[in-house]
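Heads up: the structure comes next, in structure tokens.
Start at 1 with the first residue, then count along the sequence.
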Amino acid sequence: MPSTHPSSATAAFFDVDNTIIRGASAFHLAKSAYQRKFFGTRDILRFALIQARYLVWGENREQIDEVRNRALSLIAGRTVAEVATLGEEVWDAVLSLRIYPGTRRLLDEHIAAGHQVWLITATPVEIAQLIARRLGATGALGTIAEHKDGFYTGRLNGDLMHGQAKADAIVTLAEVNDIDLDESYAYGDSLNDLPMMRAVGHPCPINPDLRLRRHAQEVGWPIREFRGRSQRAAGRGVRTASWAGAAWVLGLVLRAARRRLQGR
């Protein structure tokens, strides 16, 4: 439970994927982009495989880089307005329904206590800021895809907002906004969020992967588990989500095969 002492110098920093939203937001964006003909079946199959791995084993740097590089190449030439519209649609239809109620309550408690609330995520900054607005957060820092004259170039502006980059970002943010990091909070689900959590006085893993869970237990950090009443229940939730994604992809493959057969 965050302190109820109002202070504009106190902040709470939240990761997004598997901390606020169940699963990888990039997959749901990719799925919607596929439905809008941004790219083809092979690409969405790759994203689906990444989503399944993420739900079962958590994130890793190689996986994040794979998503980043492929996503950048796919949006090259698309307009910022197109992606913004896509983000609104995905939030309304999917992401808003996948928020962990426990994390939402925690975020609202920080807002009620007068704390600044920031989302810090590898998710594209446009989507991160959209989620922050919808949740009533102060703001968001995310990965910035370069764009010129309103069109994405397929390159990054800076580095991926991940790992040490998250910690560096909140230190800079604290300097600009006069935030006391010793009195602040950080929430994440992966060992890759460790630098960010080490930068504050009140780190707390949410739905941690195995490596982060072990570290938290070793150093005595509190752990929040919002996936179910027990690890067994949490595991069932992960497998259910994975099978749901797999079923959608299987249906996609079968429809594609049927169209090919009919075209012969």
(message) Among residues at least two apart in sequence or on other chains, which ones pass side-chain hydrogen bond (donor to acceptor under 3.5 Å, both in side chains) with Asp168?
(response) Gln164

(request) Could you pull out the closest heavy-atom pair between Ala216 and Pro205, with the gap in Å? (result) CB-CG, 3.8 Å

(message) Once side-chain hydrogen bond (donor to acceptor under 3.5 Å, both in side chains) is applied, do any residues pair with Glu89, and if so which ones, sequence neighbours excluded?
(response) Arg36

(message) Using 0.5 Å steps for rounding, measure from the CG atom of Leu160 to the NZ atom of Lys166.
(response) 9.0 Å

(request) Answer yes or no: is there a side-chain heavy-atom contact under 4.5 Å between Ile21 and Ile131? (result) yes

(message) I'd like to check the side chain to side chain contact (heavy atoms under 4.5 Å, CB included) partners of Ala199; sequence neighbours left out, ordered by chain and number.
(response) Ile170

(request) Taking salt bridge (Lys or Arg N to Asp or Glu O under 4.0 Å) as the test, write out the residues that go with Asp108, two or more places apart. (result) Arg104

(message) Side-chain heavy atoms nearer than 4.5 Å, only ILVMFWY residues, links allowed to pass through others: does that put Val125 and Phe151 together?
(response) no

(request) Determine whether Ile223 and Leu194 fall in the same hydrophobic cluster, where Ile, Leu, Val, Met, Phe, Trp and Tyr are linked whenever their side-chain heavy atoms lie under 4.5 Å apart. (result) no

(request) Can you see which heavy atom on Arg227 is nearest to which on Pro208, and at what distance? (result) NH2-O, 3.6 Å

(request) Any ring-ring contact (aromatic ring centres under 6.0 Å, His included) involving residues 193-213? Give me the pairs, sequence neighbours left out, ordered by first then second residue. (result) Tyr185-His202

(request) Could you tell me which residues satisfy side chain to side chain contact (heavy atoms under 4.5 Å, CB included) with Ala128, sequence neighbours excluded, listed by chain and number? (result) Thr121, Ala140

(message) Taking ring-ring contact (aromatic ring centres under 6.0 Å, His included) as the definition, give me every residue that meets it alongside Tyr152, ordered by chain and number, with sequence neighbours left out.
(response) His147

(request) Would you mind reporting whether Asn18 and Ser190 have side-chain heavy atoms less than 4.5 Å apart? (result) no

(message) Is the shortest side-chain heavy-atom distance between Leu106 and Phe14 below 4.5 Å?
(response) yes

(message) To the nearest 0.5 Å, what is the distance between CG on Asp178 and CD on Gln116?
(response) 9.0 Å

(request) Identify, with sequence neighbours excluded, every residue that meets side chain to side chain contact (heavy atoms under 4.5 Å, CB included) alongside Ser96. (result) Trp91

(request) Indicate the atoms forming the closest heavy-atom contact of Tyr187 with Thr19, along with that distance. (result) O-CG2, 4.0 Å

(request) Give the minimum heavy-atom separation between Asp193 and Asp189, together with the two atoms involved. (result) OD2-N, 3.1 Å

(message) If you compare all heavy atoms of Gly142 against all heavy atoms of Met161, which two are closest, and at what distance to 0.1 Å?
(response) C-CB, 3.7 Å

(message) Checking side-chain polar atoms at under 3.5 Å, does Glu146 have a donor or acceptor matched by the opposite partner on Thr153?
(response) yes

(message) Going by the rule side chain to side chain contact (heavy atoms under 4.5 Å, CB included), which residues pair with Asp92 if we only count those two or more places apart in sequence or in a different chain?
(response) Arg134

(request) Take Leu173 and Phe13 through the test side-chain contact (heavy atoms from CB on, under 4.5 Å) and record every step on the way to the result. (result) CA-CA 11 Å; Leu173 189 67; Phe13 304 100; 3.8 Å; yes

(request) Under the salt bridge (Lys or Arg N to Asp or Glu O under 4.0 Å) rule, collect the residues that match up with Glu126, sequence neighbours excluded. (result) none

